[in-house]
Amino acid sequence: MVSRLKVYNTLSREKEIFTPISSPYVGMYVCGPTVYGDAHLGHARAAITFDIIYRFLQHLGYKVRYVRNITDVGHLENDADEGEDKIGKKAKLEKLEPMEVVQYFTNRYHRVMEKLNVKSPSIEPSASGHILEQIKMTEEIIKNGFAYVTRGSVYFDVNKYAASNDYGKLSGRVLDDLVAGSRELDGQKEKKNSLDFALWKKASPEHIMRWDSPWGEGFPGWHLECSAMSAKYLGKTFDIHGGGMDLMFPHHECEIAQAKASNKTAPAKYWLHNNMITINGQKMGKSLGNFITMDELFSGKHELLERAYSPMTIRFFILQAHYRSTLDFSNEALLAANKGYKKIANGIKIIKQLTHNGTAEKDNKLIEEINKLCDICYNGLLDDFNTAITIADLFNLLKKINSFYTRQLNIDLLDEETFLKMKNTFLILTEEVLGLSNENIARPESFIDGLLLIYKAAKDNKEYDKVDQIRSFFKNEGLVIKDMKHGIDWAYEE
RNA sequence: GGUCUCGUGGCCGAGCGGCUAGGCAGAGGUCUGCAAAACCUUUUACAGCGGUUCGAAUCCGCUCGAGACCUCCA
C-alpha cells in the first residue's frame with residue numbers, strides 16, 4: 001500500500017509520510033483517562049481526535065489494533081512523597097472501595113463515549129490489571145542499570161539514562177534547563193536527582209491500593225503502566241502513540257525512557273498529540289477547575305452554558321478545528337456548530353433518498369466538477385487528519401447535493417459512476433470516517449399527539465375516509481386509537 | 001526564570017510564498033399561498049513596525065498581546 005497519508009510526528013516536529021512498521025497492520029496506543037472524575041470537554045477532544053485517526057486508518061485499509069488504557073492506580077496528586085493516589089483519595093472521600101470508584105467512572109466514561117459515537121478501542125487495559133508486567137519491567141530496568149532502589153521505592157535514574165540517550169527529545173527539553181527550572185518538592189530526598197521519577201513506590205501505612213513486590217508492598221509509578229501495557233499488546237515497537245499535549249512532558253518522555261531502558265528500543269514510531277480546549281483563552285483543566293463535564297454540556301446545566309448541546313454538536317464542534325490547534329469554547333461557537341451539524345445531518349438524510357436515472361444525456365462539465373469536488377474531500381484528512389478542511393470541502397459538495405435535491409440541477413445529467421461516487425464520498429466521510437451519525441432529534445409522542453388532533457377534527461367533520469386513513473397509519477406502527485367518551489388517546493396494539 | 005506556541009473579518013475556524021477555505025451571523029436575490037429549507041450574489045481580514053522576494057496572512061527581525069509546558073491535567 002502506497003501511503004499518501006501524512007502525519008505530524010512530535011518526535012521530528014515534521015509531517016512525515018505514514019508508513020507502518022508492518023503494513024497493513026497498525027498498532028496504536030493512546031493514553032486514556034484516569035477514572036476518578038467525570039469526563040470533560042478535554043477528554044472528549046482526545047477521544048474524538050484518535051477516534052478519527054482510528055476510523056480513517058481503517059478506511060484506508062489498515063488493520064488497526066487500538067489500545068487505550070484506563071488509569072486506575074498510581075496516578076498521584078503531585079510528585080511529593082505524601083502525594084495521594086487520585087483514586088485512593090476519592091475512595092476515602094466517598095467511603096468506597098477504590099475499585100468501586102474505578103468502575104463507576106469507567107462506566108460513565110464509556111456512556112459518554114458512546115453518545116459521542118467514539119468507537120471502543122480494540123483493547124482497553126487497566127493499570128491495576130497489569131501489576132505483574134509493571135514489576136517485571138521495573139526489574140528489567142534495574143538489571144540494565146537505569147534504576148535504583150531506595151527504602152522500598154524504585155526510581156529511574158535520569159542522569160544515567162541521559163548519558164547515553166537523548167532524554168527530552170520528544171518534549172524539546174534540555175536536561176540542564178529542567179534541572180534549573182525544577183521546583184523543590186518535599187520528600188525528594190529519596191531521589192538521587194530531582195528529575196528521577198518513580199517506577200515503584202513504597203506504600204505508606206494509610207495507602208489503600210498496594211501490591212506485593214520484590215521491594216515490599218507498594219504500587220507502580222504512573223508512567224510505567226503505559227510502557228508495560230503498550231509493549232504487552234502492541235510489541236516493543238509499534239506505530240502510533242497518542243495523547244494530549246499536556247502529557248508530552250513528563251509522561252511520554254518517561255515512557256520513552258522506560259521503554260528504551262528495559263526493551264532497548266524506542267516504543268513508538270510516530271508520536272501524535274492533540275491540543276487543548278480553552279475557555280476564555282485559558283486551558284480547560286482539572287487543576288484550574290474551569291472544566292465543563294460532558295453531562296453538563298448534554299443537559300445544559302452549568303452556569304457558563306446558555307443551553308444544552310447534543311453529543312453530535314460537540315463532536316462537530318471539535319472536528320471543525322484541526323486537532324493540533326487550541327480550540328476555544330464559547331456558547332456562540334457551539335451554537336454555530338449546532339447549525340453546521342444540522343446542515344450535514346440534512347445532507348446525509350437527503351442523499352440517501354436521491355435516485356438516478358442513467359438514460360438521460362450527460363453533462364461532462366458537471367460530471368467533471370462533481371468528481372473534482374469528491375476527490376478534494378480526501379485531501380484534508382490525508383494531510384495530518386485535518387478534519388476542518390475536509391468538512392469545508394464536504395460543505396462545498398453538499399451545495400451540489402442540495403441543488404440536485406431541489407432540482408435546481410438535474411441529477412440525471414450525471415453518469416451512474418459519478419452519482420455513486422458522490423453518494424459514497426459524502427456518506428462514507430460523514431458517517432463512517434467523521435462519525436457524524438444522525439441523532440434522533442424528533443420526539444415521536446408529539447407527532448402522535450398532532451395526528452390525534454387531526455383525527456379528532458376529521459371525526460367532528462364526519463370525514464370518515466380520513467379517519468380510517470389515520471387509523472391505518474397507527475396500525476402500521478403497532479398502535480391503536482382509543483375513542484372514549486371523555487376523549488381520545490392511543491395505546492399499544494395488543 | 002527556562003523552553004515553546006499562538007495573535008486571521010461580528011463570532012468560530014482553515015491556511016505552511018502567488019489561486020474565493022468553510023460554518024455561524026448580516027445584506028440582497030431566486031423559488032414559494034405564507035413560512036422554512038435550499039440555491040445564487042454580497043459587505044467587514046490577516047496584532048503593529050521593519051526586512052527578504054517579481055509577489056507574504058504565509059519566510060526573517062523587532063515591538064505589543066495571549067497562552068502552554070517546566071507539579072497533577074486529555
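A, B, ... follow the sequence lines: proteins, then strands. Residue 1 opens every chain.
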Base-pairing assignment for [N] (Watson-Crick or G-U wobble, both under 3.5 Å):
N: A38(B); answer: U30(B)
N: U5(B); answer: A66(B)
N: U43(B); answer: none

Base, sugar-phosphate or nothing for [X]? Non-hydrogen atoms, less than 4.0 Å.
X: Met284(A); result: base
X: His40(A); result: base
X: Gly42(A); result: base

For [N] and [M], measure between their [atom1] atoms and round to the nearest Å.
N: C16(B); M: C62(B); atom1: P; answer: 24 Å
N: U8(B); M: A27(B); atom1: P; answer: 25 Å
N: A35(B); M: G67(B); atom1: P; answer: 48 Å
N: G1(B); M: G9(B); atom1: P; answer: 30 Å
N: G48(B); M: A66(B); atom1: C1'; answer: 15 Å
N: G55(B); M: G18(B); atom1: P; answer: 15 Å
N: U30(B); M: G13(B); atom1: P; answer: 36 Å
N: U52(B); M: C60(B); atom1: C1'; answer: 7 Å

Can you tell me how far [atom2] of [N] sits from [atom1] of [X], to the nearest Å?
X: Lys283(A); N: C70(B); atom1: NZ; atom2: C1'; answer: 12 Å
X: Met245(A); N: A68(B); atom1: CE; atom2: C1'; answer: 9 Å
X: Glu253(A); N: U71(B); atom1: CD; atom2: P; answer: 13 Å
X: Leu175(A); N: U3(B); atom1: CG; atom2: P; answer: 15 Å
X: Tyr378(A); N: A21(B); atom1: OH; atom2: C1'; answer: 20 Å
X: Lys372(A); N: C19(B); atom1: NZ; atom2: P; answer: 15 Å
X: Ile344(A); N: C24(B); atom1: CD1; atom2: C1'; answer: 14 Å
X: Lys342(A); N: G22(B); atom1: NZ; atom2: C1'; answer: 19 Å

Shortest non-hydrogen contact from [X] to [Y]?
X: Phe426(A); Y: Ile348(A); result: CE2-N, 3.6 Å
X: Ser227(A); Y: Gln258(A); result: OG-OE1, 2.8 Å
X: Lys362(A); Y: His356(A); result: NZ-NE2, 4.4 Å

* Taking the six-membered ring for Trp, are His59(A) and Tyr378(A) ring centroids under 6.0 Å apart? -> yes
* Can the ring centres of Tyr233(A) and His130(A) be said to be less than 6.0 Å apart? -> yes
* To do: If the plane angle is over 60° it's perpendicular, under 30° parallel, otherwise tilted; pick one for Phe146(A) and Tyr161(A).
  => perpendicular
* Where each residue is assigned the nucleotide of RNA chain B containing its nearest heavy atom, which of Thr278(A) and Gly32(A) is assigned the position nearer the 5′ end? -> Thr278(A)
* To do: Assign each of Ser171(A) and Ile391(A) to its nearest nucleotide of RNA chain B by heavy atoms, then name whichever residue's nucleotide is nearer the 5' end.
  => Ser171(A)
* **Check against side chain to side chain donor-acceptor pair (under 3.5 Å), Thr406(A) and Gln408(A)** => CA-CA 5 Å; Thr406(A) 56; Gln408(A) 283 155 300; 2.3 Å; yes
* Among Ser122(A), Pro125(A), Pro121(A), find the residue that satisfies the side chain to side chain contact (heavy atoms under 4.5 Å, CB included) test when tested with Val67(A). => Pro125(A)
* To do: Please name the residue in the list Ile428(A), Leu429(A), Leu427(A) that meets the side chain to side chain contact (heavy atoms under 4.5 Å, CB included) test with Glu431(A).
  => Leu427(A)
* Under the salt bridge (charged side-chain N to carboxylate O under 4.0 Å, His left out) criterion, do Lys400(A) and Glu369(A) qualify, and how do the steps go? -> CA-CA 10 Å; Lys400(A) 295 294 172 198; Glu369(A) 192 186 358; 3.3 Å; yes
Can you give me the N/O atom pairs linking the protein to nucleotides 37-41 of chain B at distances under 3.5 Å, or say none if there are none?
| residue | atom | partner | partner atom | Å |
| --- | --- | --- | --- | --- |
| A38(B) | O3' | Asn402(A) | ND2 | 3.2 |
| C39(B) | OP1 | Asn402(A) | ND2 | 3.2 |
| C39(B) | O4' | Gln408(A) | OE1 | 3.4 |

* Structure fact -> Met276(A) has its side chain closest, among A74(B), A25(B), C70(B), to A74(B)
* To do: Measure from the side-chain heavy atoms of Leu247(A) and tell me the nearest of A74(B), C24(B), C70(B).
  => A74(B)
* Distance-only polar pair, side chains of His110(A) and Glu114(A), donor-acceptor under 3.5 Å -> no
Distances for protein N/O vs nucleotides 11-15 of chain B N/O pairs under 3.5 angstrom?
| residue | atom | partner | partner atom | Å |
| --- | --- | --- | --- | --- |
| G13(B) | OP1 | Asp328(A) | N | 2.9 |
| G13(B) | O2' | Gln320(A) | O | 3.3 |
| A14(B) | OP1 | His322(A) | N | 2.9 |
| A14(B) | OP1 | Ser325(A) | OG | 3.0 |
| A14(B) | O3' | Asn386(A) | ND2 | 3.2 |
| G15(B) | OP1 | Asn386(A) | ND2 | 2.6 |

